[in-house]
Q: 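One structure coming up, written as structure tokens, with questions to follow.
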2 protein chains.
Amino acid sequence: MLSNLFKFINQFVDFSEKEIKSVQEFVQVIHLNKNEIFINEGEIADQIAFTNSGYLRVYYNYDGEEITRDITPLHSFATALSSFVLQTPSFEIISAITDCELLVIKKEHLEYLYSEYPKWERLGRRIIEEMFVESQRRIYSFITETAETRYKRILKQYPDMIHDVPLKYIADFLGIKLQSLSRLRKNINW
Amino acid sequence: MLSNLFKFINQFVDFSEKEIKSVQEFVQVIHLNKNEIFINEGEIADQIAFTNSGYLRVYYNYDGEEITRDITPLHSFATALSSFVLQTPSFEIISAITDCELLVIKKEHLEYLYSEYPKWERLGRRIIEEMFVESQRRIYSFITETAETRYKRILKQYPDMIHDVPLKYIADFLGIKLQSLSRLRKNINW
DNA sequence: TAAATAACTTAACAAATGTTAAATAAACTG
DNA sequence: CAGTTTATTTAACATTTGTTAAGTTATTTA
């Protein structure tokens with residue numbers, strides 16, 4: 001059940017048997033059905049999820065419309081980040097695009113692990129660093145690439161995503177409208 | 001000399017006198033003239049800078065052109081992040097837009113502080129979290145806002161920047177061409 | 001200070017993306 | 001399976017941004 005998580009974690013730090021054990025009492029497995037909400041608007045995000053299976057999306061309401069800012073790839077972490085970090089009410093909503101199995105840990109438990117096990121603090125920092133690098137990469141792609149190139153990049157980087165995630169969410173993720181994505185797909189130049 | 005840095009640090013953690021002292025032996029003050037390079041392409045970024053005064057830009061060569069991905073606000077941290085984190089050759093270049101005074105710490109010293117003082121690890125994590133939140137905010141603005149709105153946001157968020165930073169860099173930062181920024185400034189709708 | 005370079009603006013036309021409004025296709029639900 | 005909802009496509013026209021090629025203004029340097 002936790003093996004994907006451990007595989008992920010071991011990319012960043014070497015955990016002893018005991019340190020690995022330390023997580024088990026805090027991690028909770030939850031299942032979300034498609035369209036179920038993990039973190040709602042106005043709530044203070046007190047949990048972070050590792051996606052064991054399925055896709056989540058991070059979106060927010062803007063002018064009466066839902067705008068998807070992020071789609072979490074498989075086996076990655078997701079939370080309403082600014083709410084989680086600053087403990088302020090979330091303007092972001094996180095919900096399940098497909099049925100999901102999540103490994104969830106509460107912020108207070110994470111803080112406990114941070115203070116009790118230095119390697120956990122290190123892990124937290126390394127994961128955030130990694131997410132930050134990816135986020136910067138995405139900014140690059142908004143600055144230099146066309147929507148078509150960004151779309152091809154998704155196909156390459158997350159080939160499974162296209163099967164399970166509706167195009168309207170992918171369009172948002174790319175920063176264009178659904179209709180523009182549809183047109184772009186038709187005229188795509190391989 | 002270090003007071004801006006301490007002010008910045010104390011937003012995130014409470015350092016004791018002794019912990020504050022721990023930084024002083026590792027922080028080096030350097031001055032860059034306008035256009036001088038702090039981290040070059042191909043180099044492995046082994047330092048991170050706090051901008052005590054002046055503006056840096058992070059850019060890279062793309063198709064023979066320089067593309068500015070980031071302009072560091074005053075009193076913030078800058079490095080070629082993915083190179084610094086992964087210790088791989090940097091494709092990014094960091095250079096001084098204006099004369100700069102930087103407080104610089106080497107990665108090895110930072111790692112030492114991380115391992116020796118848990119609060120430093122915490123500080124590192126908190127600062128990265130903060131940078132990550134800002135980076136996500138920027139992705140939002142690429143997805144939902146027009147270039148005009150993004151430009152107005154810079155004016156509001158960093159009112160001094162406009163005096164010291166050439167528009168060509170700001171245009172890159174906004175993800176548009178210089179000429180488009182110029183047109184947008186003319187037609188701006190307040 | 002004159003010449004040179006860099007920064008910024010303008011304009012005409014091209015390309016990309018948005019908007020509105022529909023039609024079709026696919027997936028759910030009773 | 002029929003009806004309904006959701007997903008996707010298409011098309012015409014509008015708006016935004018890019019491209020190219022100038023020009024003007026400001027700043028730097030000999």
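Note on naming: letters A, B, ... go to the chains in the order of the sequence lines (proteins, then strands), and numbering restarts at 1 for each one.
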Q: Mind calculating the distance between CD1 (B/I176) and P (D/dT19) to the nearest angstrom?
A: 12 Å
Q: To the nearest Å, how far apart are A/K168 NZ and D/dT5 C1'?
A: 11 Å
Q: Any side-chain donor-acceptor pair under 3.5 Å between B/R122 and A/Y114?
A: no
Q: Under 3.5 Å, is there a donor-acceptor pair between the B/R57 and B/T68 side chains?
A: yes
Q: Strictly below 4.0 Å, N to O, side chains only: are B/R125 and B/E129 in salt-bridge contact?
A: yes
Q: Could you check how far CG of B/L184 sits from P of C/dC8, rounded to whole Å?
A: 15 Å
Q: From the set C/dT9, D/dG18, D/dT10, return the single nucleotide nearest to any side-chain atom of B/S182.
A: C/dT9
Q: Separation of A/K177 atom NZ from C/dA21 atom C1', in whole Å?
A: 16 Å
Q: Picking from D/dG18, D/dT17, C/dT17, which would you name as closest to the side chain of A/T146?
A: C/dT17
Q: Counting side-chain heavy atoms from C-beta on, which of C/dT20, D/dG18, D/dT20 comes nearest to B/Q179?
A: D/dT20
Q: What's the OH-P distance between A/Y151 and C/dA16, to the nearest Å?
A: 17 Å
Q: What nucleotide among C/dT17, D/dA7, C/dT19 has an atom nearest to a side-chain atom of A/P166?
A: D/dA7
Q: Considering every strand shown, what is the Watson-Crick or G-U wobble mate of D/dA30 when both distances are under 3.5 Å?
A: C/dT1
Q: Relative to the ring of A/F91, is the ring of B/Y140 parallel (under 30°), tilted (30 to 60°) or perpendicular (over 60°)?
A: tilted
Q: If you pin A/K34 and B/E148 to their nearest nucleotides in DNA chain D, which one's is more 5'?
A: A/K34
Q: Which nucleotide, C/dG18, D/dT9, D/dG18, lies nearest any side-chain atom of A/R185?
A: D/dT9
Q: Rounded to whole angstrom units, what separation is found between the CG atom of B/N35 and the C1' atom of D/dT29?
A: 14 Å
Q: Determine: side-chain N/O of A/K186 to OP1/OP2 of D/dA11, distance under 4.0 Å, yes or no.
A: yes
Q: Find the distance B/I97:CD1 to C/dA7:C1' and express it as a whole number of Å.
A: 14 Å
Q: Considering heavy-atom distances to DNA chain C, does B/Y169 or B/R183 have its closest nucleotide positioned more toward the 5' end?
A: B/Y169
Q: Name the closest nucleotide to the B/L178 side chain, picking from D/dT8, C/dT9, C/dT10.
A: C/dT9
Q: Picking from C/dA11, C/dA7, D/dT8, which would you name as closest to the side chain of A/L167?
A: D/dT8
Q: So that I know where these two stand, are B/Y112 and B/W120 an aromatic pair - ring centroids less than 6.0 Å apart?
A: no
Q: Using atom CG of A/N187 as one end and atom P of D/dA11 as the other, report the distance to the nearest whole Å.
A: 10 Å
